[in-house]
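Each remark here refers to the structure printed beneath this line.
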Amino acid sequence: TDQNNKITAIYSADTLQVYTTGGEFVVFQHEFDPITPSNIRILNHTRYGTKQVKPTDIEGTVTFVQRTGKAIREMFSEQGRKYTAPSISYLAPSLIVDPIELDSLRGTSSEDANYIHAVNSDGTMAVFNTLKDQNVSAWSLWNTQGDYTSIAVAFDGLYLVVKRVINNVTKYYLEVGNNVFHTDSSIRKTGVNSSTVTGLGHLEGKTVKVVGDGAVLLDRVVSSGSITLERSVVDVDIGLEYQATLKTMPVSQDAGGGRNLAQEIRVNKCTLEVFDSLGLIVNGFRLPDRKEGSPMDEVPAPFTGRKATPLLGWKKTQQVTITHTDPVGMTILGIALEVNG
C-alpha cells in the first residue's frame, strides 16, 4: 500500500487475515495448498484500521475494534467475493468506549444466543447479542460496583477480572458469569439455619442484597465478614446490587399522512409478556407480585404470562422505561403499548 501499516493482529478464519493500523488484509493461497514464499498473495480489502485488541469470531465472521476505538466491525466475505467490514456498533455507538478486550460466548446448553463482550476502557462492558438467522442484533451496557478490566471465555464459561474497592482497599477479583445468581460478586450458602451469615470477607464494608429461602430480605452492610438478618434462613444468596433497565424506542404513530413531530401522544396501557419474573417496575410504578388474598407469609411465586399497567400523561415523545432492582429473575418476552394520539 502507499503507507506503513503496523500489524496489530493476525487471525486464522476461512483465510488468514492480517489486521493493521491502516487497513485489513487477507492472505490467499491456491485451494488448500500451504502458504509458501512462491504462492503467497496479500490483498488489502478494507482501510478502517484496527486497534491492538485481539479479534474474535462468531457466526462465520471475525469481529475487531476499529483503530479509533469508536466502532466494532465484522470482517466477512459472501460467496468468495471481496471482504467487507461493516460496523455492528452503529446501533448503539455511545456504548463503545475505546474497548481494550474482545471475546465471544457462543450458544450454551441453557440458551441459543451468541454474545460478543467488549471491555471498555472506562470499566464498563458493552455486550452484543446476535443470532443472525433470527435477525437478532442488540447491544446492552453492563455496569458493576467497580471496573471490568479483563474477560476470557472458556467453553461455556465467561470469566471476568473485576477491580473493586473493598473496605477502602483496591482488590482484583476473578469472577464467573452465572445466570442463576442475580447479584454481582455473589455467594450462596446452604444449610445456614441461623440469622447470622459469615464468610463474607470479600464484601467487607459493602451494602449487599440478600435473598433468603427465596424471599428478598432487607439490605445489610457486611461487618467483620458477616451480616445479621431479620430472621433465620436455611439457604441464602448474598451479593452486590445491580439494576436492569430497559427503555423502549420513542413511540411512533403514523395516522396515514405521515407523523407530525409536534403532535402529543399518550400511552394508555403497557402490557408485558414475561417469564418467571418478579419485581417489575414500569415508569416508576411497581407491578404487584401477589394476587389479592395471597398469604403474606409465603414467598410469591415467579409469574409467567401477561401483566398490564395503565400509564398517564400526554407528551410529544413517549418512551416506556422498565426497571428491575430486586435480586430475583426477570425475563421480558414482549411489550405491547396502547397509544392515543
Side-chain angles (χ1 to χ4, degrees), residues 1-78 80-106 114-128 130 137 139 141-142 147-154 158-163 172:
T1 63
D2 57 357
Q3 61 187 12
N4 283 330
N5 297 288
K6 177 184 175 183
I7 293 176
T8 57
I10 298 177
Y11 205 90
S12 176
D14 55 339
T15 56
L16 184 62
Q17 299 174 9
V18 181
Y19 295 87
T20 77
T21 54
E24 293 70 50
F25 297 77
V26 175
V27 178
F28 285 98
Q29 76 274 12
H30 180 66
E31 294 182 347
F32 299 105
D33 294 340
I35 298 173
T36 69
S38 62
N39 68 8
I40 188 170
R41 287 196 308 146
I42 304 176
L43 302 179
N44 182 205
H45 282 252
T46 58
R47 287 179 174 257
Y48 296 108
T50 307
K51 189 180 177 185
Q52 195 156 348
V53 174
K54 181 182 177 181
T56 186
D57 66 280
I58 201 164
E59 294 189 301
T61 64
V62 179
T63 302
F64 66 94
V65 180
Q66 189 172 327
R67 176 178 52 82
T68 59
K70 297 293 186 181
I72 295 179
R73 297 181 174 275
E74 60 179 4
M75 185 90 161
F76 66 94
S77 171
E78 291 184 344
R81 292 183 225 158
K82 183 178 176 69
Y83 279 77
T84 58
S87 170
I88 61 172
S89 59
Y90 73 94
L91 294 169
S94 62
L95 304 189
I96 310 303
V97 186
D98 197 20
I100 58 176
E101 276 195 10
L102 280 182
D103 214 334
S104 52
L105 180 64
R106 296 158 185 83
N114 300 309
Y115 297 93
I116 296 174
H117 297 78
V119 179
N120 286 324
S121 59
D122 64 355
T124 63
M125 184 154 58
V127 181
F128 184 58
T130 174
S137 56
W139 285 94
L141 187 68
W142 286 13
D147 295 327
Y148 297 109
T149 62
S150 184
I151 58 170
V153 173
L158 174 66
Y159 296 86
L160 311 99
V161 176
V162 187
K163 182 174 72 172
Y172 289 84

Practice task
Return the minimal non-hydrogen interatomic distance between P99 and V53, and the atom names on each side.
Solution key: O-CG2, 3.6 Å
Problem - Minimum heavy-atom distance Q66-Y48, with the two atoms named - result: CG-O, 3.8 Å
Does the [X] side chain pair with the main chain of [Y], one donor and one acceptor, at a distance under 3.5 Å?
X	Y	answer
E101	V119	no
R73	A85	yes
T15	S12	no

Completion exercise
From the list T20, N44, V18, side-chain contact (heavy atoms from CB on, under 4.5 Å) with N5 holds only for T20
Fill in the blank from the handout: The side-chain contact (heavy atoms from CB on, under 4.5 Å) partner of D57 among M75, E74, R106, Q17 is R106
Practice task
Please say which of Y19, Y11, Y83, F76 ends up in a ring-ring contact (aromatic ring centres under 6.0 Å, His included) with F64.
Solution key: Y19
Tell me, do [X] and [Y] make a side-chain contact under 4.5 Å, heavy atoms counted?
X	Y	answer
H45	E24	no
T63	I88	yes
L160	H117	no

I'd like a table of donor-acceptor pairs (distance under 3.5 Å, sequence neighbours excluded) in which one partner is a side-chain atom from residues 89-98, with atom names and distances.
residue : atom : partner : partner atom : Å
S89     : OG   : I72     : N            : 3.0
S89     : OG   : S87     : OG           : 3.3
D98     : OD1  : K51     : NZ           : 2.5

Practice task
Would you check if there is a donor-acceptor pair between the side chains of T124 and D122 at a distance under 3.5 Å?
Solution key: yes
